[in-house]
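What follows is a short report on a single structure.
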Number of protein chains: 2
Amino acid sequence: MTGTSSRSTDAAHGPAARRSDASRSAILAAARERFAADGYERATIRAIAGDARIDPSMVMRYFGSKDGLFAAAVALDLRMPDVSQVPRTEVGQALVGHFLDIWEANEELTAVLRVAVTNQAGTERLQSIFREQVVPVARLVCPDPEQVAARAGLCAAQLLGLALTRYVVRLPPVVALAREEILAWLGPTVQRYLTAPSP
Amino acid sequence: MTGTSSRSTDAAHGPAARRSDASRSAILAAARERFAADGYERATIRAIAGDARIDPSMVMRYFGSKDGLFAAAVALDLRMPDVSQVPRTEVGQALVGHFLDIWEANEELTAVLRVAVTNQAGTERLQSIFREQVVPVARLVCPDPEQVAARAGLCAAQLLGLALTRYVVRLPPVVALAREEILAWLGPTVQRYLTAPSP
DNA sequence: AGTGTGGGCCAACAAGTGTTGACTGCGGAT
DNA sequence: ATCCGCAGTCAACACTTGTTGGCCCACACT
């Protein structure tokens, strides 16, 4: 792109652009798809490499191991919205809507969820996403600091349950729900878990 | 041939008691444990047979295949309570409590959930449990027959989400919740999903 | 006694897994 | 033109998986 000539002048380009970047991202895309569709064990390196039209040994050279590939494929950023800009009474709906957005934008979250159920590394990945990206947002909304973790956990239970039944197990009635229905049903639930007085 | 040479004591005991029944149930118990702990692919027949202190080939002879073993191991009965005996306003809490009970009574539900995420047969098993055991109960509580499926689906999303975060992924704040806290938080949610007017 | 049904063990198979190493050839730097 | 680094290929390794068939022995029946 930027003239292959400026190879030695990698001054401000961060990590020097490698000739194999196309293959790398092809592998990562295929990996996300396979992990999301099949889970960790059934997403074989051979299948991923086949999807990316590349030799399996290249996957090893680039990412070291299957675990390394998974770690590189799902470096997940939830892009949580700035809830301080949202009216206190609508934060529940806003969060549910945001989660629906990112869940349908790409397959990374589905991949993390599927893998987290059978793979230790996946479990830890999901736990760290919760700890580092979900809990801090709850901290901004939630009155009592001591209850932040529990309230965030309740929200995670509701939202992951929706994702599980809608995108993984695909219970027909849950798949059939329209976006507005989900917002109307789950929004108040999340709102209550975050802001209602402790029962 | 029907020459099953009726054993001396099997007069009217239904399916004649076999000499290998001890081994069979040992295998089934080990299978439930492994499926619950490891999911479908990582729960190997060899490991299950090892736990049951029996040869792997016996598993094949008794259950035909790994799929057959799974089907036999998790013939799940939710033992749903008779909700018509429960006051309309407490049915939510009653259902949440019941699910906590059976989830902690044995590992069958955890096994079904773990397997359902990566295995097609497991997915169908979970779907049929929902269709045949959860939806009918919702039908008794729910006013509008057209909304029964959707409302049951919402309850499943909340309850499976709790199970996922508490027993599978084990998010620390969710694991730390006491039974009464869960009842107090989730009871009203399930209650609303079942009986509140459509939003 | 003998006998045969069937529970149990052993060894092996074919297929598929992650992973490794040696080899080829293109392209940019010298 | 020459060299060197690195993307890419091929083949193989060591291992595990589900699954199969043959064999041995215990026991209940005649």
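Note: hydrogens, waters and symmetry copies are ignored here, and every other heavy atom, side chains too, is used. Quick note on labels: first sequence line is chain A, next is B, and so on, each numbered from 1.
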Can you sort out the partners of A:Asp55 under salt bridge (Lys or Arg N to Asp or Glu O under 4.0 Å), two or more places apart, ordered by chain and number?
none
Between P of D:dT19 and CG of B:Leu69, the distance in whole Å
10 Å
Under the side chain to side chain donor-acceptor pair (under 3.5 Å) rule, what pairs show up with a residue in residues 67-80 of chain B, not counting sequence neighbours?
B:Tyr40-B:Asp67
Given atom CE of B:Met58 and atom P of C:dG6, what is their separation to the nearest angstrom?
12 Å
To the nearest Å, how far apart are B:Asp21 CG and C:dG6 P?
14 Å
Sorted by number, residues from residues 26-34 of chain A placing a heavy atom under 4.0 Å from DNA chain D are none
For nucleotides 13-19 of chain C, tabulate all protein N/O to nucleotide N/O atom pairs closer than 3.5 Å, reporting atom names and distance.
from   : atom 1 : to      : atom 2 : distance (Å)
C:dG18 : OP1    : A:Ile45 : N      : 3.3
C:dG18 : OP1    : A:Lys66 : NZ     : 3.1
C:dG18 : OP2    : A:Ile45 : N      : 3.2
C:dG18 : N7     : A:Arg46 : NH1    : 2.7
C:dG18 : O6     : A:Arg46 : NH2    : 3.2
C:dT19 : OP2    : A:Lys66 : N      : 2.9

Do B:Ile27 and B:Asp51 come close enough that some side-chain heavy atom pair is under 4.5 Å?
no
Can you pull the salt bridge (charged side-chain N to carboxylate O under 4.0 Å, His left out) pairs that have at least one residue in residues 101-116 of chain B, sequence neighbours excluded?
B:Asp101-B:Arg179, B:Glu104-B:Arg166
Rounded to the nearest angstrom, tell me the gap between atom CG in A:Asp55 and atom C1' in C:dC23.
13 Å
NA contact type, A:Tyr62, heavy-atom cut-off 4.0 Å: base, sugar-phosphate, or nothing?
sugar-phosphate
Partners meeting salt bridge (Lys or Arg N to Asp or Glu O under 4.0 Å) with B:Arg151 (sequence neighbours left out)
none
Residues forming a side-chain contact (heavy atoms from CB on, under 4.5 Å) with A:Ala105, sequence neighbours excluded
none
Value in whole Å for how far the P atom of C:dC10 lies from CZ of B:Arg61
14 Å
Suppose we screen for salt bridge (Lys or Arg N to Asp or Glu O under 4.0 Å). Which residues come up paired with A:Arg42, at least two apart in sequence or across chains?
A:Asp38
Can you name the residues that form a side-chain contact (heavy atoms from CB on, under 4.5 Å) with B:Pro173, not counting sequence neighbours?
A:Phe130, A:Ala149, B:Leu171
Please report, rounded to the nearest Å, how far the P atom of C:dT20 is from the CZ atom of A:Phe63.
16 Å
